[in-house]
Amino acid sequence: MSGPLLVLEDIRKTYISGGGLAVEVLRGVSLTVEAGEFVAIVGSSGSGKSTLMNILGGLDRPTSGRYRVDGRDVTALEGDERAALRRDGFGFVFQHYHLIPGTTAQENVEMPGRYAGLPAPLRESRAVELLGRLGLEERRHHRPNQLSGGQQQRVSIARALMNDAPVILADEPTGALDSASGAEVVALLRELSAAGRTVILITHDRKVAEAASRVIEMRDGRIVADSGRPAPPPVGAFPAPPERVVAGASLWTDAGEALSAALRSLGANGFRTALTLLGIVIGVASVIALLAIGEGAKQAVMARVGALGVNLVFVLAGSGDPRLPATPLTEADGEAILRLPNVESVMPYLDTPVMVRHGNIDHRTEGLATSASLPLTHRWPVAQGAFFTRADERAGAAVAVLGHGVAERLFPRGESPLGKHVLVNNIPFLVTGVMAKKGDLTGNQSTDDWVFVPLSTGVQRLIGKPDLQLILVSVHDVGRIERTRDAIHALLSERHGQEDFQIRDVTARIQAAAETQDTMTLLLGCAAVITLLVGGIGVMNIMLVSVTERTREIGIRMAVGARAADIERQFLMEAALVAGLGGLVGVALGLAGGAVIGLLAMPVVFTATAIAGAVASAVLTGMVFGLIPARRAARLDPVAALASE
Ligand code: ADP
Ligand code: MG
């Protein structure tokens, strides 16, 4: 396309000052610039030069008038389109260089390429090449504060050239430089112009302006003189921007940059950061430690309950209400239950305190009158000898089986109790077997300390009354235990004509125990989540501060073509990273704290889900609470942001 490159028609710009007063800064500027021209705009301070340049470069919009770039009307472009215009059309050089502090020269030069979606290797090689051409190859890993003013300005010129923008806009590029460095920069601009680029140089220094082929003078927002075009400018189309793979920056390079930016801003204020991250750290640490305590307690309770036997149904005598008359539980009830489907064995249970004696050793303990099915029902093997038999039961034989602990007490010198007689409440019983060690079942009294006798014998000789306290029922298929429980309930209700018994099973108890523990864990978790929320507010706070402190950086990024979405994503990522970092510290602290508690106080069980969940919620917290700061950053006005401290 031929025709002028930049056309301003009657451009006006009015600022509304703090007091509500309208100040017209540009008062009808009309200007045409051809491709390849080298134009200097001169004028005293306050004459509106920078305002004009901001409009030319798409950083700002005129209040009225029309602006065309290469024939296209760009006056009313908004947001992303305006960002694209800056990114592809213009390279900015500022008086104070506007490099991003803390990043290297090369990173600064690469930045416009990032927002243009230039692939990393291409970006790097181009940045190295540009810096090399400007004599800064050795300095490319230096940070701005390690470079002289002249060097910084050359870095900013390299940045302006990164996306091969056809127009270079330089606002007082020599203003902050000594005369030698200033002359160098002006020479560079001449070179760029000679190479076919359009250069617009703003200066209040007439000597500097002499480098240009055309000089325009401004006063009070108007063009008061224009030297005109001395030579016919080379007419050319608006050159195509360098080839791009994707529009906008890629997520991963973004993540890398956000990480280094986050670490930089964290590192710059280590103590403040540590304080603000404390909420997240404590939140995550407490989530992990508390969940580990909860899980530890749960597993301990489950193990204890589970040891009672998951295949058992307990039938207890009495409704639990002492006012109701109760029919006793009997052996006949047990025999009826045994005929129900899925019932494997039935064990009557009637216990009484007894005094056991052998030789001169007395032992006061618990005697249990039961049936020959005990080893099967309880899955409890006999260690020596044999359990008494159904025949013993029928005969009412005076035989006894000793718990492991009783045998050790009464026969301390290791002799075998088998075939010996012991006195139970002064009645001699023949010992037929010793049970295997079982350990503590109930948590109160060890069943290893009991003595077992046939129900008939126990009723006749030790207790006197045949009413059972309990019937233990073992089932074949634990999966159907509920149905069996219901069947037992129906059977006994029919036999007794009333509900004067209670039925329990361990599965139900495990479930109840698990539920109690889950509630506990949930409560602990809630407390931790609240801490995390407080931590999130900390993250929001630090990010808001960061946006304020880095307003100028945001303006620079916008000037080189960042879209609002790019800025928003950067700050969101930073918030997520900051929170994630706090989360990792929290994990370390939580693991350490939990381990100490595990050593000193109670069982703890760390679960991977709890740890991953805690870190994930920290990151999520960061993103949620980072949203407001990120939005605020993305909505900044580029001109105001650039002008900020
Ligand atoms: P120059 O670059 O020629 O020194 P500027 O374009 O920066 O001049 O400013 C021109 C005038 O506009 C100045 O008087 C300045 O105070 C005013 N001005 C610039 N920006 C703003 C703004 N954001 N709000 C109000 N007044 C402004
Ligand atoms: Mg200015």
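What's counted below: heavy atoms across the whole structure, side chains too, no hydrogens, waters or symmetry copies. Both counts, for ligands and for their atoms, begin at 1 and track the order of listing.
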S45: numbered ligand 1 atoms lying under 4.0 Å from its heavy atoms: 4 (O)
Output the list of atoms in ligand 1 that are nearer than 4.0 Å to some heavy atom of G46, sorted by atom number. 1 (P), 3 (O), 4 (O), 8 (O), 10 (C), 11 (C)
Test item: protein heavy atom less than 4.0 Å from atom 22 (C) of ligand 1: yes
So for G43, does at least one of its heavy atoms come nearer than 4.0 angstrom to any atom of ligand 1? no
Please give me the protein atoms (N, O or S only) lying under 2.8 Å from the Mg ion (ligand 2), ordered by chain and number. S50 OG
For the pair R12 (side chain) and T63 (backbone), establish whether a donor and an acceptor sit closer than 3.5 Å, ignoring hydrogens and angles. no
Checking side-chain polar atoms at under 3.5 Å, does D73 have a donor or acceptor matched by the opposite partner on T75? yes
Taking atom types as modelled, is there a side-chain donor on S156 or Q153 under 3.5 Å from an acceptor on the other? yes
Out of T51, I16, V42, T14, whose heavy atom sits nearest atom 5 (P) of ligand 1? T51
Nearest non-hydrogen contact to atom 11 (C) of ligand 1 from the set V639, V25, L26 belongs to V25
Show the numbers, then the answer: is there a side chain to side chain contact (heavy atoms under 4.5 Å, CB included) between T32 and L6? CA-CA 6 Å; T32 299; L6 309 176; over 6 Å; no
After noting the C-alpha distance and the side-chain angles of T174 and D205, does the key distance pass the side chain to side chain contact (heavy atoms under 4.5 Å, CB included) rule? CA-CA 9 Å; T174 60; D205 185 341; 5.5 Å; no
Count the heavy atoms belonging to other residues, nucleotides or ligands that lie under 6.0 Å from CZ of R635, then report whether that count exceeds 12. no
